[in-house]
Amino acid sequence: MLRLHDTATGTVRPLELREEGRASIYVCGPTVYDVPHLGHGRFSLVFDVLRRFLEFRGLEVRYVSNITDIDDHIITKAAEEGRSEAEVAAEYEAVWWDAMDALGVKRPTETPHATAFVPDMVRLIGSLVDRGVAYETTDGVYLSVDRIDGYGLLARQDLDSLRSGARVDPGEEKRSPLDFVLWKKARPGGPTWESPWGPGRPGWHTECVVMSLDLLGEDFDIHGGGLDLAFPHHENERAQAVGLERAFARHWVHNGWVMVGGEKMSKSLGNFTSLTDLLERADARAYRLLVLRAHYRSPIEVTPSTIDQAEQGLARLDDMARRFDVVAPATGVTAAQAPGVGADAGAVTSFVEHMDDDLDTPGALAEIFDLARQAHSAADDAKPDEGRRLAVTAAVLCNVLGLSLAGAGPSLDADVAALVSERDAARAGGDYPRADAIRGQLEALGWVVEDGPEGTRLHR
RNA sequence: GGCGGCGUGGCCGAGUGGUUUAGGCAGGGGCCUGCAAAGCCCCGUACGGCGGUUCGAUUCCGCCCGCCGCCUCCA
């Protein structure tokens, strides 16, 4: 069974599902007030692969990822641009899904929006107040972390050490500097909702508690997100669940940073690269490969050089797919079904063993590249069927990682096709100067020209 | 200040107490090819520094140096 790192224990431990055969996952999604950056791309890819792999393992996966469509950033932006918060959120949500589609990220099974759950949040906050875990001040409702057993679990620090590092704003009415806001009483500007504490809006941390518990139920399996969500966001979600005495996530999974010049990429540092920009410059699959080449908990450095290396690696896999004319295998193939579609059982087993080991995608990719080498080798050795079998295996496994390979050759327009046949004729007749001239023409049109036993082959 | 992580061959990036190597990219040599391209074969013998444990450490322990992160909105 899959073993995964759990931030709550700081160890890699077996994923013990609530319900046999079914996995429930909640991944914190974006706040839609700006274009997504490379860090958003990484977590989306990492959890997409986790989801695909669980499905490959034959599990029925329910994957919930939210859209935060109301918060201070959105309100600020709306005010600056003189339009509604809903318009701002809708615009950037559309950008978000475009980027996800381009990356080949499977749509979550549910994508709840925070604004649709505000009444539920009010009820949840009310329960916390009733239980004496939360309290009202002049500007809002706060959760009292002193009342929470094990606060600091995800930060892997105890309350005292967290408190010692906490920054305190003067004039705050919080009982502890670590207490966090559940409900913000209405201030000028921005939308409001009714509550027992007057009009206002929810703080950030409550929405994910409500949406995960409403949709997945108590004691769901995996809660994930970027490492910077571990504290305070996930810590504060957990605190609310503890305060309510409701079972929460069984397993906490966090992915590492995207780095830029040795520093964490983040909005606040202003050193981010937008995902949209990257997707315009590079093959989206190259970013997936770049992310998967490193372990999900390691930091990755994204530079023109590392992107280029990933594109070269991708070209190798594409070349294999072309040589063996491997079309993308049907999705939904499980590990158990893989041999039935012609995949090598031993390689599949080895791949699964890597992935079971805390999602060792670098090891899994090594397996795939090795298959590519073996496939070519077999074909060079006059064993085309064996080569094709290995190539099919590689393609099936790529699919589990969400990597689709370039299949058969592209369709050519009439002019290009004419050049190809003219060149083949020239080569057959020994007119190499003419053949080379046509190759030059084709290359000028952006084609890569390869000669095989069956004549000229083109690809982009 | 508290807590945590990292430092691997030209680059990216896994992994392990010792016999045979992660893998990719780039580079060199060879084969194949009319020439290329692609592919195949071969090659570099790396683990921040200093000690310690050990028959033996890149892998365990300690110290040091360097880098990064969290403790505040952040994927």
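What's counted below: heavy atoms across the whole structure, side chains too, no hydrogens, waters or symmetry copies. This structure is a prediction, so every number in the text was calculated from the model and none was measured. The chains referred to below are lettered A, B, ... by the order of the sequence lines, with proteins before strands, and numbering in each begins at 1.
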Should [X] and [Y] count as an ion pair when the cut-off is N to O under 4.0 Å?
X	Y	result
A:K77	A:E80	no
A:R52	A:D48	yes
A:R297	A:D358	yes
A:D179	A:R147	no
A:R439	A:D436	yes
A:R62	A:E110	yes

Donor-acceptor list for residues 273-281 of chain A side chains, cut-off 3.5 Å, not counting sequence neighbours:
{"residue": "A:S274", "atom": "OG", "partner": "A:T276", "partner atom": "N", "Å": "3.3"}
{"residue": "A:S274", "atom": "OG", "partner": "A:D277", "partner atom": "N", "Å": "3.0"}

Interatomic distance, [X] [atom1] vs [N] [atom2] [rounded to whole Å]:
X	N	atom1	atom2	value
A:R434	B:C35	CZ	P	21 Å
A:L289	B:G23	CG	C1'	11 Å
A:L229	B:A75	CG	C1'	6 Å
A:M265	B:C73	CE	P	21 Å
A:D318	B:G24	CG	C1'	15 Å
A:L162	B:G1	CG	C1'	13 Å
A:H205	B:U72	NE2	C1'	10 Å
A:I438	B:G34	CD1	C1'	15 Å

A:F47 ring center within less than 6.0 Å of A:Y63 ring center
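Ring centroids of A:Y63 and A:F47 are no less than 6.0 Å from each other.
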Is it true that A:H234 and A:H223 have ring centroids separated by less than 6.0 Å?
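Yes; A:H223 has its ring centre under 6.0 Å from that of A:H234.
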Apply salt bridge (Lys or Arg N to Asp or Glu O under 4.0 Å) to the pair A:D160 and A:R163, showing each step before the final yes or no.
CA-CA 5 Å; A:D160 284 340; A:R163 197 180 280 122; 3.0 Å; yes
Which pairs of donor and acceptor atoms, one on a side chain in residues 345-354 of chain A, lie under 3.5 Å apart (sequence neighbours left out)?
{"residue": "A:T349", "atom": "OG1", "partner": "A:A345", "partner atom": "O", "Å": "3.0"}
{"residue": "A:S350", "atom": "OG", "partner": "A:E367", "partner atom": "OE1", "Å": "2.8"}
{"residue": "A:H354", "atom": "ND1", "partner": "A:D360", "partner atom": "OD2", "Å": "3.1"}

Closest-nucleotide mapping onto RNA chain B: is A:R42 or A:A366 further toward the 5' terminus? I mean the 5' end.
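Upstream on the strand: A:A366.
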Residue whose closest nucleotide on RNA chain B lies nearer the 5' end, A:D360 versus A:V258:
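Result: A:D360.
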So, is A:K264 near the phosphate of B:C70, with a side-chain N or O under 4.0 Å from OP1 or OP2?
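Yes, because at least one side-chain N or O of A:K264 sits under 4.0 Å from OP1 or OP2 of B:C70.
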Using only modelled atom types and a 3.5 angstrom limit, is any donor from either the side chain of A:D228 or the base of B:G69 paired with an acceptor on the other?
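Answer no: no donor N or O sits under 3.5 Å from an acceptor.
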Between [N] and [M], how far is it from one [atom1] atom to the other, in whole Å?
N	M	atom1	answer
B:A38	B:C47	P	32 Å
B:C31	B:G17	C1'	40 Å
B:C67	B:G48	C1'	11 Å
B:A26	B:U33	C1'	24 Å
B:C25	B:C40	P	9 Å
B:C50	B:C55	C1'	23 Å
B:A46	B:G7	C1'	13 Å
B:G15	B:G23	C1'	11 Å

Using a 4.0 Å heavy-atom cut-off, does [X] contact any base of the nucleic acid, only the sugar-phosphate backbone, or nothing at all?
X	result
A:G10	nothing
A:V27	nothing
A:F369	sugar-phosphate
A:H37	base
A:M259	sugar-phosphate

Judged by modelled atom types alone, do A:E93 and A:W97 share a side-chain donor-acceptor pair under 3.5 Å?
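Looking only at side-chain atoms, A:W97 and A:E93 do form a donor-acceptor pair, the distance falling under 3.5 Å.
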If you measure only the distance, is there a donor-acceptor pair under 3.5 Å linking the side chains of A:T68 and A:N66?
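Side chains of A:T68 and A:N66: pair found under 3.5 Å.
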Reading nucleotides 3-13 of chain B from 5' to 3' and marking B where a protein heavy atom lies under 4.0 Å of the base, S where only the sugar-phosphate is that close, and - otherwise, the string is S-------BSS
Strictly under 4.0 angstrom, non-hydrogen atoms only: write out the protein contact profile of nucleotides 36-48 of chain B, one letter per nucleotide from the 5' end, B, S or -.
BBSSSS-------
Sub-4.0 Å heavy-atom contacts from residues 101-112 of chain A onto RNA chain B, ordered by number
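Those residues: none at all.
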With Watson-Crick and G-U wobble geometry limited to distances under 3.5 Å, how should the secondary structure of RNA chain B be encoded in dot-bracket form, using | for bases paired to another strand and [ ] for crossing pairs?
(((((((..(((.....[....))).(((((.......)))))....(((((..]....))))))))))))....
What class does the angle between the rings of A:W96 and A:H40 fall in, given that below 30° is parallel, 30 to 60° is tilted and above 60° is perpendicular?
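Correct class here is perpendicular.
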Compare every heavy atom of A:G387 with every heavy atom of A:A375, then report the nearest pair and how far apart it is.
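Nearest pair, atom of A:A375 first, then A:G387: CB-O, 3.4 Å.
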Side chain to side chain donor-acceptor pair (under 3.5 Å) partner of A:K184, the single match among A:D139, A:T192, A:D72
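Single side chain to side chain donor-acceptor pair (under 3.5 Å) partner of A:K184 among A:D139, A:T192, A:D72: A:D72.
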